[in-house]
Amino acid sequence: MSTRNREIHLAARPQGWPTVDNFRLVETEVPTPGPGQVVVRNRYMSVDPYMRGRMNDVRSYVPPFALDAPLDGGAVGEVVASEAEGLQPGDTVLHGLGWREYALLDARAARKVDPDLAPVSAYLSVLGMTGLTAYAGLLDVAGMKAGETVFVSAAAGAVGSLVGQIAKLRGAARVIGSAGSAAKVERLRALGFDAAFDYHDGPVRDSLKAAAPDGVDVYFDNVGGDHLEAAISAMKVHGRAAICGMIAQYNDTEPPAAPRNLALVIGKRLTLRGFLVGDHGHLRDEFVREMAGWLRDGRVSYDETVVDGIENAPEAFLGLLRGENLGKMLVRV
């Protein structure tokens with residue numbers, strides 16, 4: 001085991017779009033575990049859109065990242081030192097202290113996973129928080145039923161691509177996705193989406209109307225802005241929207257212009273419900289059981305975009321915000 005550890009610190013809070021200058025690579029000593037603690041050599045870490053909000057010094061549902069301290073987020077790795085019962089060197093664990101090569105954590109904050117069941121990176125995507133977000137948001141929050149029409153924004157991303165596939169497996173009559181390039185649109189069609197469009201090709205409202213002429217029952221929102229406005233216009237009476245994210249405005253310094261048609265929520269009796277995946281832990285066992293079966297049977301596919309090296313984690317995060325990923329954006333530490 002190395003004696004040196006590298007980690008990424010937040011050097012300055014972004015104003016608008018982040019840059020590499022907002023991050024700093026810092027070298028430290030590899031920590032030593034105390035009673036009840038383990039040291040994990042991270043193998044993969046996740047970068048996610050919600051992390052942009054934590055870079056601002058504002059009150060939210062999670063504390064902001066501290067300046068001149070390592071960022072954190074989902075990671076999976078191998079225990080290399082342990083002073084805790086139940087976890088031994090060589091065990092593979094999932095935890096929340098990414099953005100560093102070696103993580104010191106209480107054993108209670110690590111969840112042992114089986115590296116033989118799936119590639120370890122899958123525990124950060126299809127079998128992890130990403131998959132549970134898609135599953136809970138579509139089925140529990142939006143309450144999708146068989147025979148309904150579903151629209152998913154950022155549908156080629158880690159969450160959106162799984163939402164569309166789960167919707168089809170659960171009997172949706174029609175699933176529509178938006179994405180940011182022609183290649184991503186083609187990927188959505190290969191994943192079984194009934195229709196897909198590039199939101200750069202024209203107003204989202206027009207593209208969605210063409211793809212769903214009879215309207216939308218369920219909208220899974222990862223984008224906000226013009227996508228949410230278009231969905232509100234297209235939704236049927238008693239339509240439901242699961243609001244997972246609003247990446248279109250995470251870097252804005254001015255209030256968003258859309259949606260401008262919120263009055264339609266009244267007449268259509270729509271439900272727009274925000275959610276956090278942490279509120280749906282009761283579905284984890286059901287989700288893992290069902291998703292593992294779908295993966296085993298080849299009924300679900302998932303994509304990963306992997307960037308190598310902890311030093312490149314900031315650029316991977318910026319690439320995520322620019323939409324350069326297909327599926328889950330990961331850093332191989």
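Between R322 and W17, the closest side-chain pair of non-hydrogen atoms falls below 4.5 Å. Taking 4.5 Å as the limit, every side-chain heavy atom of L162 sits out of range of all side-chain heavy atoms of W294. Within the 4.5 Å cutoff, no side-chain heavy atoms of T28 are placed close to those of Y102. For the pair V58/P64, no side-chain contact is recorded, criterion being any heavy-atom separation below 4.5 Å from C-beta on. Put simply, the side chain of L124 reaches to within 4.5 Å of the side chain of L94, judged on heavy atoms. For the pair R187 and S301, the minimum side-chain heavy-atom distance is below 4.5 Å. Residues L71 and M51 have side chains not in contact (no heavy-atom distance under 4.5 Å, counting atoms from C-beta outward). Considering only heavy atoms from C-beta on, V204 stays 4.5 Å or farther from S178 through its side chain.
What you find for A234 and L208 is that their closest heavy atoms are CB-CD2, 3.7 Å. Nearest heavy atom pair, residue V47 against residue L320, reads O-CD2, 3.6 Å. Across E229 and N261, no two heavy atoms sit closer than the pair O-ND2, 2.9 Å. The two residues F193 and G160 come nearest to each other via the heavy atoms CZ-O, 3.9 Å. Closest approach of G309 and V331 over heavy atoms only: O-CG1, 3.5 Å. The shortest non-hydrogen separation linking P31 to V39 is O-CG2, 3.5 Å.
At least one donor-acceptor pair closer than 3.5 Å links the side chain of H200 to the backbone N or O of G180. A donor-acceptor contact shorter than 3.5 Å is absent between the side chain of E83 and the backbone of G34. Within the 3.5 Å criterion, the main-chain N or O of P63 finds a donor-acceptor partner in the side chain of R54. The backbone N or O of R100 lies less than 3.5 Å from a partner atom in the side chain of N42, making a donor-acceptor pair. Remark: the backbone N or O of M55 is paired with a side-chain donor or acceptor of R13 at under 3.5 angstrom. Side chain of E78 to backbone of R41: no donor-acceptor contact under 3.5 angstrom is found. Not a single donor-acceptor pair under 3.5 Å links the side chain of N222 to the backbone N or O of G245. Not a single donor-acceptor pair under 3.5 Å links the side chain of K184 to the backbone N or O of A155. Counting only distance, with no hydrogens or angles, the side chain of K268 and the backbone of I232 share a donor-acceptor pair below 3.5 Å. In this structure, the side chain of Q165 engages the main chain of S161 through a donor-acceptor pair within 3.5 Å.
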Do V300 and M291 pass the side-chain contact (heavy atoms from CB on, under 4.5 Å) test, and can you show the C-alpha distance, the side-chain angles, and the key distance before you say yes or no?
CA-CA 8 Å; V300 166; M291 181 59 74; 4.0 Å; yes
Applying side-chain contact (heavy atoms from CB on, under 4.5 Å) to V120 and V113, what does each step give before you reach the verdict?
CA-CA 8 Å; V120 294; V113 297; 5.6 Å; no
Take I243 and L228, measure what side-chain contact (heavy atoms from CB on, under 4.5 Å) needs, and give me the verdict at the end.
CA-CA 9 Å; I243 312 297; L228 179 55; 4.2 Å; yes
Please step through side-chain contact (heavy atoms from CB on, under 4.5 Å) for the pair Y123 and L117, ending with a clear verdict.
CA-CA 10 Å; Y123 291 102; L117 179 64; 3.6 Å; yes
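Note: I8 CD1 to D72 CG = 13.5 Å, rounded to the nearest 0.5 Å. Separating the OG1 atom in T32 from the CD atom in Q37 is a distance of 10.0 Å, to the nearest 0.5 Å. In this structure, OH in Y199 is found 12.0 Å from OG in S207, a value given to the nearest 0.5 Å. Atom CG of residue L318 and atom CE of residue M329 lie 9.5 Å apart, to the nearest 0.5 angstrom. From D206, atom CG reaches atom OG of S233 across 10.0 Å, with rounding to the nearest 0.5 Å. L169 CG to I166 CD1: the interatomic distance, rounded to the nearest 0.5 Å, is 8.0 Å.
Heavy atoms of other residues, nucleotides or ligands lying less than 6.0 angstrom from CZ of R59 number 12 at most. More than 12 heavy atoms of other residues, nucleotides or ligands shown are found within 6.0 angstrom of CD on E27. Around NZ of K209, the count of heavy atoms belonging to other residues, nucleotides or ligands within 6.0 Å does not exceed 12.
Under the 4.5 Å side-chain contact rule for hydrophobic residues, L188 and L326 do not share a cluster. Using a 4.5 Å cut-off between side-chain heavy atoms of Ile, Leu, Val, Met, Phe, Trp and Tyr, with links allowed through other members, F23 and V26 fall into different hydrophobic clusters. Following chains of ILVMFWY side-chain contacts shorter than 4.5 Å, one cannot reach V237 starting from F151, and the two form parts of different hydrophobic clusters. There is no path of hydrophobic side-chain contacts, each under 4.5 Å, that joins V185 to L191.
Salt-bridge formation is detected for the pair K168/D194: a Lys NZ or Arg NE/NH1/NH2 atom is positioned less than 4.0 Å from an Asp or Glu carboxylate oxygen.
Not counting sequence neighbours, the partners of R189 by the salt bridge (Lys or Arg N to Asp or Glu O under 4.0 Å) test are E186.
For the side chain to side chain donor-acceptor pair (under 3.5 Å) condition, the pairs that include at least one residue of residues 127-154, sequence neighbours left out, are T130-K328, Y135-R170, Y135-E286, Y135-E290, D140-H280, E148-R240, S153-Y219, S153-D221.
Using a 4.5 Å cut-off between side-chain heavy atoms of Ile, Leu, Val, Met, Phe, Trp and Tyr, L87 falls into a hydrophobic cluster with V38, V40, V79, V93, L97, L105.
Tested against E101, the residues R43, R6, R4 include a single side chain to side chain donor-acceptor pair (under 3.5 Å) partner, R6.
N251 and R52 share a donor-acceptor pair across their side chains, judged by distance under 3.5 Å alone.
The aromatic rings of F197 and H227 sit parallel, their planes meeting at an angle under 30°, below the 60° perpendicular limit.
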